Structure formats: structure tokens, C-alpha cells
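Order of the sequence lines fixes the chain letters, A, B, ..., with proteins taken first and strands second; residue numbering starts at 1 for each chain. Because the structure is a prediction, the values reported are computed rather than measured.
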Amino acid sequence: MSFTTDESLVPAGLRTAYCGALRTGDTGRTVSVCGWVARRREHGEHLAFVDLRDHTGIIQCVVDGARDLRSEQVLRVTGTVRPRPEGTANPALSTGEVELGECEVEVLSTAEPPPFSLDARSETDEAVRLRYRYLDLRTDRMQHNLRLRAQVNSALRRAMERQGFVEVETPMLWTPTPEGAREFAIPSRLQHGSFYVLPQSPQIAKQLLMVGGLDRYYQIARCMRDEDLRADRQFEFTQLDIEASFVGQAEVLGFVSEAVSEAAFAVTGEQQPEIVTMTWNQALDRFGTDKPDLRFGMELVDLGDAVAGSELNVFKAACVRAVRVPSAGEWPRSRLDALVERALELGAAGLVWMRVRAERVLESPVAKFLSEAHQRQIVAATYADPGDLVLVVAGERERTCKVLGQLRLDLGQPAVSERPLCFAWITEFPLFEGMDDDGHLVAAHHPFTMPHPDDLDLLETDPMAVRSQSYDLVLNGWELGSGSIRIHRADIQRRVFKALGVSDEDAESRFGFLLGAFRYGAPPHGGFAVGLDRFVALLAGEDNIREVIAYPKTQSGADLMSGAPRPLADRQLAELGIRVVPTGAPGRPGSTGSPRSLGSPGAAGSPGAPGPSGA
RNA sequence: GGACCUGUGGUGCAGCCUGGAGUGCACGCCGGCCUGUCAAGCCGGAGGUCGCGGGUUCAAAUCCCGUCAGGUCCGCCA
């Protein structure tokens with residue numbers, strides 16, 4: 001939690017000590033500290049306590065005459081470290097046993113009153129924090145989160161380098177690729193009408209590094225996707241991106257496990273247990289999701305056998321599954337009705353609730369349609385105790401599991417900050433996930449994912465049953481990243497493209513340079529990418545990645561501090577050969593009186609049309 | 001593209017449902033008092049287009065419509 005590296009650093013420049021590092025052992029030293037005025041407590045003309053803050057913590061300075069000192073001023077204070085008088089120590093501060101006496105104060109920079117309190121105890125609207133992010137960064141929370149993030153980066157680098165990975169930087173100005181996320185386009189000044197795009201990931205670049213013989217590549221890579229923002233999604237985000245040659249799935253999982261475990265250890269100081277692995281099918285069956293939160297139980301139970309032969313029509317479905325909610329047997333009807341409502345909303349045909357009474361008797365709207373034997377078997381299968389609630393959903397397998405999986409989260413998921421850290425590998429994802437509008441299969445991961453070797457023969461006969469050699473890393477219910485073994489053989493690639501409805505000409509025009517490279521000797525290879533923002537957020541106990549990013553954007557893609565995005569000057573547009581088509585809104589909100597108002601400076605975006613890379 | 005929540009002195013909130021003078025609380029700010037505090041304390045003071053526009057009404061922070069901003073989610077994120 002604390003970042004002790006600072007204490008081993010030798011202060012230099014204007015200071016001879018860090019605020020938070022002073023201890024009784026420093027008694028008698030005359031030191032200079034530099035920082036911001038966190039608080040001051042005045043007791044008349046000749047005694048004031050000034051709490052000076054730097055990134056290491058707070059030291060109390062005893063000052064004679066603090067009249068002109070103000071919050072957040074930048075000071076250099078020179079004084080003598082001394083123990084505090086009997087009974088005045090402050091256990092809340094790391095430096096609470098000592099204070100700086102006989103202080104000489106130098107104001108290095110004056111400061112207006114900050115627009116919001118930087119005290120950890122006060123809450124401030126996020127929009128205000130973002131507008132003054134440079135002030136928000138001074139808070140304990142942001143200092144902690146950004147330094148934690150740096151520790152994670154450092155640990156990941158250590159682990160990757162130890163495993164023989166070499167860091168290679170890939171271009172930020174890349175070429176449009178027609179599939180995947182919407183891309184940010186960058187106009188070419190030298191070739192009007194042509195565009196670079198910002199990489200949505202270094203996917204193709206890193207595979208070409210394998211062809212190039214780099215063997216093991218990693219990068220802490222920025223990726224950009226022009227998709228709508230969420231609590232766990234920003235336009236730009238960071239990945240630990242890796243790729244390795246002459247390895248299979250087990251090796252890739254090993255590399256990544258090593259890296260994330262080292263990072264978790266660096267932050268928590270606790271050795272991580274071996275990461276559990278389950279297949280996509282198992283995750284769906286047990287947790288109703290491909291990103292299970294393993295911090296709590298309430299696993300899904302298959303009631304197929306328990307209700308076999310029941311007269312009840314709803315239980316004759318392909319899949320009958322339940323989740324046990326411990327100690328919820330006394331919930332009022334209104335709450336149960338709300339659960340039914342929720343299940344319908346999630347796409348279930350219905351929801352059957354069963355209160356487990358004394359002697360394990362079921363109280364339920366359907367109880368009278370269930371034989372005593374069936375009731376007993378349901379109770380036995382769910383391991384329900386008197387006082388529990390059992391929720392049952394029946395229908396098609398995937399839908400049924402997903403509904404119950406969501407109910408499980410609704411009713412049982414702990415807060416993000418709750419420990420332990422439960423990593424999980426999810427393997428054997430399906431290669432395809434449904435069809436697009438043209439009746440073509442859609443790749444679940446990406447079109448270069450190697451099918452499971454046992455399922456190759458199904459590619460043409462039963463493609464939806466083909467498992468892939470792709471895998472996700474999950475942490476406490478969040479998808480942390482994904483990866484796969486790639487196709488390096490032209491014949492298999494051709495068959496997958498065919499299943500996806502990609503013709504030879506299509507493939508050539510879309511991925512020509514990748515396929516071309518593969519003609520010159522591509523090693524078997526595979527890789528992974530870990531979403532660093534999410535990883536750090538979870539380690540920091542934050543439920544929002546904006547809290548671990550120095551300068552994040554709002555949900556509408558604005559940077560409230562800088563005002564981005566903004567219109568370009570006409571001259572700049574001309575240079576780029578760009579003409580802006582007005583969006584039809586004639587009246588702009590306009591500049592209101594407030595000089596701080598950074599409202600939308602006119603959205604000069606593209607109309608809804610296909611988008612620049614739709615060719 | 002859609003659903004829901006929020007917007008009231010610098011900050012955080014109450015007031016809105018049930019219309020009646022910008023009414024209240026806490027913090028901060030300014031001034032005064034105060035020599036052991038630590039979110040110091042006490043006294044006094046300043047500070048408001050109730051996001052913006054329109055409508056209903058004798059009267060709108062409050063009701064209605066629109067709009068902007070922030071948030072959560074759906075779609076989207078190979």
C-alpha cells in the first residue's frame with residue numbers, strides 16, 4: 001500500500017528530506033522540505049501549525065506567524081526535527097511522532113483557493129475533478145492509484161524480460177483494417193484523401209514480428225478504439241501485449257500467469273495461488289458467463305435429473321437450472337416479484353422461486369405441481385437448507401445459464417475492492433459466434449485464431465461446434481484480456497476465411513501484407529493482451545478505470561481539462577485537404593459567460609454514415 | 001441510436017412529489033480573537049442567471065416540453 005521506494009531515495013535540489021519520511025530517528029536534524037500547504041491551524045499571531053504535503057505524506061511544521069500562508073501554496077520550509085510534546089502525537093500520520101520546529105518559510109509559489117477540497121474525506125463531482133485534474137492528481141487517491149499503476153508496469157516488464165521477451169515499439173500511425181473496432185482516422189498531409197489509423201491493437205504488427213524472428217515480443221502498448229465509452233472502457237487504453245513463437249496454449253498461459261502474478265505480488269505482497277483454468281462450456285454451466293467472479297459461491301445447479309419426469313410443462317425444457325440464494329427464504333413477495341421481472345428483462349421465459357421451509361418443504365407457486373420426490377430431489381441437488389431461496393430458470397441452455405448467471409451477480413457479487421484476487425483462465429471458446437446479416441459466420445476472437453486441433457474436421461460440416469485455441473483471462477468477474485494461438489498455415493487460414501465468407505480476393509485486399517508475409521516462413525505462434533487499465537483498477541479497488549488514468553475522457557469523449565476535441569483552424573484543415581460537413585445543428589450552445597465553461601465546442605463530427613474505413 | 005439517474009453560492013447536500021420572497025445545513029473563502037492544534041476552536045461577514053431555452057400559472061428551483069453537460073447501462077467494443 002505504501003510506496004517505500006521514496007524513502008530510499010536521496011532528496012536533492014531545494015530539499016534535504018521528504019515530508020512523509022521524517023521519524024523520531026531524525027530528531028535534531030535541520031532539514032528543508034518542499035510541498036503544498038495541506039492545512040493550517042492558527043493560534044494567534046505567534047503560533048501556527050502548517051501541514052506540509054508532498055507525495056510521500058504530511059509533516060506538521062510549527063510556524064511563528066503564518067498570516068499570509070494559504071491552502072495549496074508551495075513552500076520550502078527549513079526547520080529542526082523534534083519530537084512532539086507529550087500527548088500531542090498524531091497516530092493518523094506516518095510522521096505523527098515528530099514535527100518541524102523553528103521553521104523558516106519560503107513561499108515558492110502562491111495559490112488561489114482550490115475549487116474543491118483535496119481532503120480524502122470530501123467527495124467531489126467527477127466533472128469538477130476532471131476539469132481541474134492537475135489538482136485532483138494531488139489527492140491521496142490519485143497519487144496512490146498512479147503509483148500503483150507504475151509498480152504494476154514495472155513488475156510486468158520484469159516478468160516479461162525474465163522470460164526472454166523483448167520490448168518492441170510498433171507504429172501509432174497504422175493502416176486501416178476493415179474489421180474490428182471503429183478506428184480513429186488520421187489524415188495524410190502529403191497524400192490528400194488518404195488516411196492512417198491509430199491501432200486498435202498491435203495485432204498484425206506483432207504477428208509480423210514473429211515472422212521477423214523476434215521470437216518473444218512484448219510491449220506496454222496504447223490502443224485506440226472509437227467505440228462508446230463505459231466505466232471500463234476509454235477511447236485509448238493500455239495493454240500488456242505479448243506474442244511468442246514455437247509455443248502452444250499452455251506456454252502462453254504460463255507467460256501471462258507469471259506476469260500478472262508478479263504484478264499482483266508487487267501490489268499486495270501476497271504470493272498468488274496457481275490460476276484456475278476452466279473451459280468456456282464449464283464457465284457457462286457453473287457461472288452462466290464467460291467471465292466468472294470466483295470470489296463467491298452460488299454456482300448454478302443443473303436440475304435436469306432432479307425434475308426428470310415432472311408433469312410441470314416449464315420443466316420439460318432443454319435446460320433446467322437453479323441458483324441457491326442463502327438465507328433469502330424470508331424475502332417478501334414484492335422482492336420475489338422484482339426478481340421475476342428482472343429475469344424476464346434478461347430474456348428468460350420466466351422464473352420460478354422456491355422458498356425452502358422447515359423439513360425442507362418447498363413453498364412455491366409451482367409446489368402443488370411437483371411431486372414430493374421431485375421436491376426432495378430439487379432440495380438435494382441445490383444443497384438448499386431451510387431459510388434459503390432457490391431460483392429456477394428453464395429454457396434453451398445458453399440463455400438459461402446467462403440469466404441465472406446475471407441473477408447470481410445481482411444477488412451475490414461483492415464490491416470490487418473485496419478480496420481475494422481470483423484469476424481464472426477460460427479456454428476453448430467457440431471459434432465462431434453466430435451469423436452476420438449476410439449469413440456469414442462471425443469470428444468470436446479474430447479471423448487468425450487457430451481452431452482446436454480435434455475440431456478441424458468440423459470446419460465445413462458443423463462450424464458452430466468448432467472450438468478455438470483462444471482463451472481469456474478473468475479477474476473477479478472482469479475480462480482482463482484475451483489471446484489465441486494463431487493460424488500460421490495457409491491451408492487452414494483459407495478454410496477459416498471460407499467459413500467466414502471471405503473470398504480469396506477479399507482476403508488479399510484486406511490482409512494482403514500479413515498473408516504475404518506468411519508465405520515466407522511463419523513460425524507457429526500465439527499471444528495475449530492484458531487490459532492494464534482494468535487490471536490496475538481492480539488492484540486499486542476502483543470500479544472505474546478513469547480512477548487509474550491520469551487524464552481520462554468523459555463518456556461523451558471530452559477531455560474536460562484541455563477542451564478536446566475542438567474544431568481545427570481553417571488553414572490546418574486546408575493543409576490536410578479536409579472539408580468539414582456541418583452536422584445540421586445550426587445553433588451552437590455558444591460561449592456562455594463562464595470562462596471555465598468548456599462545454600462542447602461544436603461537434604464537427606461525421607454524420608452517421610458508414611465511417612471512413614468502410615471501404 | 002436507445003433507457004435511466006443527476007444538475008441549487010467555490011465544494012457537498014436538503015428544498016422539488018404537494019408552486020407562494022433564494023429558505024436551510026455542513027465545508028471552504030474573507031475579517032477579528034486565540035501559544036499545542038491536527039478536518040483546531042469562538043465571533044462576524046461576503047458569496048446565487050436554482051445548467052440553458054420555451055411553456056402552463058396571478059406566481060416556477062418546484063409542474064410540462066425541448067436542449068446541454070456529467071454518470072450508469074443497452075446497442076457497439078473482430
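Of the P atoms belonging to B:rC64 and B:rC27, the separation is 35 Å, rounded to the nearest Å. On the P atoms, B:rC25 is 22 Å away from B:rC17, given to the nearest whole Å. When the C1' atom is used for both B:rC29 and B:rG10, the distance is 8 Å, rounded to whole Å. Taking atom C1' in both B:rU35 and B:rG51, one finds a spacing of 48 Å when rounded to whole Å. One C1' atom belongs to B:rG48, the other to B:rG9, and the distance between them is 5 Å to the nearest Å. Across the C1' atoms, B:rG7 and B:rG45 are found 29 Å apart, a figure rounded to whole Å. For the C1' atoms, the distance from B:rC73 to B:rG28 is 35 Å, rounded to whole Å. Rounded to the nearest Å, the gap between the P atom of B:rU62 and that of B:rU18 is 14 Å.
A distance of 12.5 Å separates CD in A:Glu428 from OH in A:Tyr471, rounded to the nearest 0.5 Å. Separation of atoms CE (A:Met464) and CG (A:Leu431) is listed at 9.5 Å; rounding is to 0.5 Å.
Within residues 399-412 of chain A, no residue has any heavy atom under 4.0 Å from RNA chain B.
Separating the CG atom of A:Leu135 from the P atom of B:rU11 is a distance of 13 Å, rounded to the nearest angstrom. We find that CD of A:Glu123 is positioned 18 Å from C1' of B:rG10, with the value rounded to whole Å. In this entry the distance linking CZ of A:Arg133 with C1' of B:rG70 reads 14 Å, nearest Å. Atom CZ of A:Phe116 is separated from atom P of B:rC29 by 15 Å (rounded to the nearest Å). Between the CG atom of A:Leu118 and the P atom of B:rG10 there is a distance of 18 Å, rounded to whole Å. Counting to the nearest Å, the C1' atom of B:rC77 and the CD atom of A:Glu183 are 13 Å from each other. Note: CD (A:Glu72) to P (B:rC29) measures 11 Å, nearest angstrom. Taking atom CD of residue A:Gln413 and atom C1' of nucleotide B:rU72, one finds them 15 Å apart after rounding to whole Å.
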Write out a two-atom table: protein N or O, nucleotide N or O from nucleotides 6-9 of chain B, distance below 3.5 Å.
none

Could you write out each protein N or O paired with an N or O of nucleotides 73-75 of chain B at a distance under 3.5 Å?
{"from": "B:rC73", "atom 1": "OP2", "to": "A:Ala231", "atom 2": "N", "distance (Å)": "3.3"}
{"from": "B:rC74", "atom 1": "OP2", "to": "A:Arg230", "atom 2": "NE", "distance (Å)": "3.2"}
{"from": "B:rG75", "atom 1": "N7", "to": "A:Arg230", "atom 2": "NH2", "distance (Å)": "2.8"}
{"from": "B:rG75", "atom 1": "O6", "to": "A:Asp228", "atom 2": "OD2", "distance (Å)": "3.4"}
{"from": "B:rG75", "atom 1": "O6", "to": "A:Arg230", "atom 2": "NH1", "distance (Å)": "2.9"}
{"from": "B:rG75", "atom 1": "O6", "to": "A:Arg230", "atom 2": "NH2", "distance (Å)": "3.0"}
{"from": "B:rG75", "atom 1": "N1", "to": "A:Asp228", "atom 2": "OD2", "distance (Å)": "2.5"}
{"from": "B:rG75", "atom 1": "N2", "to": "A:Asp228", "atom 2": "OD2", "distance (Å)": "3.2"}

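In summary, A:Arg233 and A:Asp228 do not engage in a salt bridge, as defined by a charged side-chain N under 4.0 Å from a carboxylate O.
For B:rG20, the paired base is B:rC58 (Watson-Crick or G-U wobble, both distances below 3.5 Å). Here B:rA69 sits opposite B:rU6 as a Watson-Crick or G-U wobble pair (both hydrogen-bonding atom distances under 3.5 Å). With both pairing distances under 3.5 Å, B:rA26 is matched to B:rU11 as a Watson-Crick or G-U wobble pair. A 3.5 Å limit on both hydrogen-bonding distances identifies B:rG32 as the Watson-Crick or G-U partner of B:rC42. B:rG75 is unpaired under the criterion used here, namely a Watson-Crick or G-U wobble arrangement in which both key atom distances are under 3.5 Å.
Not counting sequence neighbours, A:His488 has no partner by the ring pair (Phe, Tyr, Trp, His ring centres under 6.0 Å) test. Every residue meeting the ring pair (Phe, Tyr, Trp, His ring centres under 6.0 Å) condition with A:Trp425, not counting sequence neighbours, appears here in chain and number order: A:Phe528.
Regarding contacts with the backbone of B:rA69, every side-chain N or O of A:Thr554 stays at 4.0 angstrom or more from both OP1 and OP2.
Checked by atom type, the side-chain pair A:Ser201/A:Gln239 shows no donor-acceptor distance below 3.5 Å. A:Asp119 and A:Ser117 share no donor-acceptor pair across their side chains, judged by distance under 3.5 Å alone. A:Gln234 and A:Asp533 form no side-chain donor-acceptor contact under 3.5 Å, judged by distance and modelled atom types alone. No side-chain donor from either of A:Gln207 and A:Glu243 sits under 3.5 Å from a side-chain acceptor of the other.
Here the side chains of A:Leu198 and A:Ile186 are in contact, with some heavy-atom distance below 4.5 Å. Residues A:Leu459 and A:Phe432 form a side-chain contact, since some pair of their non-hydrogen atoms from C-beta on lies under 4.5 Å apart. Using a 4.5 Å heavy-atom threshold, the side chains of A:Arg40 and A:Val50 count as touching.
The environment of A:Glu396 atom CD is dense: over 12 non-hydrogen atoms of other residues, nucleotides or ligands sit within 6.0 angstrom.
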ask   = Can you list the steps and then say if A:Lys291 with A:Glu479 is a salt bridge (charged side-chain N to carboxylate O under 4.0 Å, His left out)?
value = CA-CA 6 Å; A:Lys291 44 182 180 182; A:Glu479 181 191 325; 5.6 Å; no

request  = Classify every nucleotide of nucleotides 30-43 of chain B by which part a protein heavy atom approaches to under 4.0 Å, writing B for the base, S for the sugar-phosphate alone and - for neither, in 5'-to-3' order.
outcome  = SS--BSBBBSB---

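Note: A:Phe511 and A:Phe448 have perpendicular aromatic rings, judged against thresholds of 30 and 60 degrees for the angle between ring planes.
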